[in-house]
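Beneath this line is the structure, given in structure tokens, with notes to follow.
Note that this is a predicted model, so its numbers are computed, not measured. Residue numbers start from 1 in every chain, and the chains themselves are labelled A, B, ... in the order their sequence lines are given, proteins ahead of strands.
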Amino acid sequence: MSTSFRTHTCGELRSDHVGERVTLAGWVHRRRDHGHLAFFDLRDRHGITQVVTNAEDAGDAHLAAEPARNEWVVQVEGAVRARPERTANAELATGEIEVVVDRFVVLNPSKVPPFYINEEQPGLDESLRLKHRYLDLRRPPMQARMLMRSRLASAIRRALEDDGFVEIETPTLIRSTPEGARDFVVPSRLRPGEFYALPQSPQVLKQLLMVAGYDRYFQLAHAYRDEDMRGDRQPEHTQVDIEMSFVAEEDVISTVERMVTRVAKEILPERPILTEPFPRLTYADAMNRYGSDKPDIRFGMELVDLTDAVRGVDFRVFSEPIAAGGAVFGIVAPGCGDYSRKQLDELIDLTKRHGAKGLVYLSVQDDGSLHGPAAKFLEGREAELVAAVAANPGDLILIVADADRIAGAEALGHVRLAMGDRLGLRQPGVLGYVWVHRFPMYTWDAEGERWDATHNPFSAPAPEDIDRIESDPGSVRAQQYDLALNGWESGGGSIRIHQRELLEKSFALMGHTLEGMRDQFGALLDALEYGAPPHGGIAIGLDRWAALYAEVDNIREVMAFPKTQSGTDLMMDAPSPIAQAQLDELHLRIVTDD
RNA sequence: GGGCCCGUGGUGUAGUGGCCAAACAUGCCAGCCUGUCACGCUGGAGAUCGCCGGUUCGAAUCCGGUCGGGCCCGCCA
């Protein structure tokens, strides 16, 4: 990567280069000044090379180097030399050699940075990093993540292209179509009072590409959602968007799995995939066994349905939810029977935060009896219960009962994850990919008093459930599949409805009028009448993918310029007010609240 | 929309009613130093404790508000 400013990068020189005359350019990583002798660690994104200036041998260069401080950009010229006996640095890839400088040029000085570029600083205020993101991105760990993300994206492209996929870009100024989330909106200058929306996903567009005959499409697409942020959610994110024609669920799953497996082995050869092919769970199984539709399958501690085991027990915490048609679930935390009040309180807190009324805890004694506030209600049923959950003496049994079966399972599912963390069961090095499929097609929206698409409203019903769409919508499952990785939702997709009539029927069930449908999805509905092939696809979140591979728990760590939790960009200071002239041009007037 | 946590020299922390116009580490500046690699040694500068208001004889410390950041619930493919 030789340029006008350098012959080599700072990560390139080895013993083979000894004797060569080289020019390097980079940032001063660290300076060790011994008076008449000074060492500089010169850094670029490729590595670090030690360069030496010596007052005796090259006085001018030594003098020129004196003012240089950390993060100054400098250029050095000199000879590569093997480091003297016993001064090699095994920590450095270039540690066998050093460059003896005879010309030292300051290309640009630097102010003292607001935080350390040259070392890790765990407690550092993230807002500082975001404000000076260009400096944060200069830190080697950030660079490593950005480089990994680049290789990841490249591997994804290569795998898909090798498999016959075509990359097609779709616009980011589109029509607002109420999907799940709130749209970001862009005012139109040419059409007063009208707005574009930024796509929540290229969903409709990629389906239209299927109608257009591009039977294997993909795109690394930006998607926008005006919803509240989380560690794994930004208003703007990148998804690996994929759509295929003439496919059934099995085709999409196996194609995507092939791509994901290939990419994983290329990018993270040292991290094993837990199970290949990826296990597949129905949504119902995932909920019943893990209390999650994105289960972390790297450890067991599965939920056990105790509804029957405790039926008839005279304990209102159990009997009332059961009477209301709910369920009782339990898990066993091995060896945790001695948990302190404080540890238990934390778990109870966690359970409540996730919507359950509380958490019943029972420690299994050596004689098989149970201790805990609820133990007295279970007299005579201990053995049955212990057997049902397969607990051993010293274990802790944790139970959630809820009138809503799913809600109860989810609450205990969170307890399960917390216990997995506490017991160190979530093996960080392992990739626990798992498919979850057969989601319920519709969920009852009590507020709107109508059925709502559980996921994507374009998803096709499972063939075996299709005739119950009108008679029993709640029991209809969709040809919908999610890919989960280590407890994170990695991606999701479905086989789409490719017949206008069926799509209209489905929308009608969700309370859409015919006019409303034509208004919002006219192009798609029309297109379905012009020979739309059966098709389906998936979208995989690239940011989460990169975060999981980088082993960070926040997607901001793998995004170059992320926003804060309140949706602001601290570096660019966005969003910001705009000039009145700009507002006028857009035919907008600001109305302040209060 | 709601809950919780954080905000003290450039940075990270300590200080939780008077002993504090604030301590430690690191960074920064200056001097010395020819084999360092978190170089070392000596000296120095640097903070009205996020902001506003209140309680108190007295506030970094207590209370209220506000701003900024983070985590979570709701929301969200």
For A/Arg129 and A/Ser127, which I'm curious about, is there any donor-acceptor pair between the side chains at under 3.5 Å? no
Nearest heavy atom decides the nucleotide; on that basis, is A/Asp293 or A/Asn554 closer to the 5' end of RNA chain B? A/Asn554
Pairing partner (Watson-Crick or G-U wobble, both distances under 3.5 angstrom) of B/C57: B/G18
How is A/Arg556 classified with respect to the nucleic acid when contacts are heavy atoms under 4.0 Å: base, sugar-phosphate, or nothing? sugar-phosphate
In sequence, state the C-alpha distance, the side-chain angles, and the governing distance for A/Phe439 and A/Arg477, and then conclude on side-chain contact (heavy atoms from CB on, under 4.5 Å). CA-CA 5 Å; A/Phe439 281 79; A/Arg477 296 169 304 169; over 6 Å; no
Can you tell me, in whole Å, how much space there is between the C1' of B/C33 and that of B/G70? 45 Å
A/Gln480 near the nucleic acid: base, sugar-phosphate alone, or nothing, with a heavy-atom cut-off under 4.0 Å? base
For B/G27 and A/Arg69 - does any side-chain N or O of the residue sit under 4.0 Å from the phosphate oxygens OP1/OP2? no
Is it the case that the side chains of A/Thr53 and A/His62 hold a donor-acceptor pair, with the cut-off being a distance below 3.5 Å and no angle test? yes
Pairwise P distance for B/U61 and B/U55, with rounding to whole Å: 15 Å
A/Leu570, nearest nucleotide to its side chain (from B/G68, B/G12, B/C29): B/G68
Under a plain distance cut-off of 3.5 Å, with no hydrogens placed, do A/His222 and A/Glu236 share a side-chain donor-acceptor pair? yes
Sorted by position of nearest nucleotide on RNA chain B, 5' first, the leading residue of A/Arg225 and A/Glu126 is A/Glu126
Paired to B/C28 by Watson-Crick or G-U wobble criteria (both distances under 3.5 Å) is B/G44
Quickly work out the A/Trp72 CH2 to B/C28 P distance and round it to whole Å. 12 Å
Can you tell me, in whole Å, how much space there is between the C1' of B/G15 and that of B/A59? 13 Å
It should be established whether A/Thr568 places a side-chain nitrogen or oxygen under 4.0 Å from OP1 or OP2 of nucleotide B/G69. yes
Could you identify the nucleotide paired to B/G7, looking across every strand shown and requiring Watson-Crick or G-U wobble geometry with both distances under 3.5 Å? B/C67
For nucleotides 31-39 of chain B, read 5' to 3', which letter fits each nucleotide if B means a protein heavy atom sits under 4.0 Å from the base, S means only the sugar-phosphate is that close, and - means neither? --BBBBBSB
Using atom P in both nucleotides, what's the gap between B/A45 and B/A30 to the nearest angstrom? 15 Å
Contacts under 3.5 Å, N or O only, protein and nucleotides 73-75 of chain B:
{"unit_1": "B/C73", "atom_1": "OP1", "unit_2": "A/His354", "atom_2": "NE2", "d": "3.2"}
{"unit_1": "B/C73", "atom_1": "OP2", "unit_2": "A/Arg230", "atom_2": "NE", "d": "3.2"}
{"unit_1": "B/G74", "atom_1": "N7", "unit_2": "A/Arg230", "atom_2": "NH2", "d": "2.9"}
{"unit_1": "B/G74", "atom_1": "O6", "unit_2": "A/Arg230", "atom_2": "NH1", "d": "2.8"}
{"unit_1": "B/G74", "atom_1": "O6", "unit_2": "A/Arg230", "atom_2": "NH2", "d": "3.1"}
{"unit_1": "B/G74", "atom_1": "N1", "unit_2": "A/Asp228", "atom_2": "OD2", "d": "2.7"}
{"unit_1": "B/G74", "atom_1": "N2", "unit_2": "A/Asp228", "atom_2": "OD2", "d": "3.1"}
{"unit_1": "B/C75", "atom_1": "O2'", "unit_2": "A/Glu227", "atom_2": "OE1", "d": "2.7"}
{"unit_1": "B/C75", "atom_1": "O2", "unit_2": "A/Arg233", "atom_2": "NH2", "d": "3.3"}
{"unit_1": "B/C75", "atom_1": "N3", "unit_2": "A/Arg233", "atom_2": "NH1", "d": "3.3"}
{"unit_1": "B/C75", "atom_1": "N3", "unit_2": "A/Arg233", "atom_2": "NH2", "d": "2.7"}
{"unit_1": "B/C75", "atom_1": "N4", "unit_2": "A/Arg233", "atom_2": "NH1", "d": "3.1"}

Taking B/C29 as the reference, what is the distance to B/C73 when you measure between their P atoms (whole Å, please)? 45 Å
Which part of the nucleic acid, if any, lies within reach of A/Gly231 when heavy atoms closer than 4.0 Å are counted: base, sugar-phosphate only, or nothing? sugar-phosphate
Evaluate side-chain hydrogen bond (donor to acceptor under 3.5 Å, both in side chains) for A/Asn456 paired with A/Gln203, printing each intermediate quantity in order. CA-CA 9 Å; A/Asn456 185 318; A/Gln203 182 62 37; 3.2 Å; yes
Spacing of the C1' atoms in B/U13 and B/G54 (rounded, Å): 30 Å
When the P atoms of B/C63 and B/C72 are compared, how many Å lie between them, rounded to an integer? 26 Å
Have a look at A/Asn118 and say if it touches a base, only the backbone sugar-phosphate, or nothing, with a 4.0 Å heavy-atom cut-off. nothing
Basic-acidic side-chain contact under 4.0 Å: A/Glu249, A/Arg438: yes
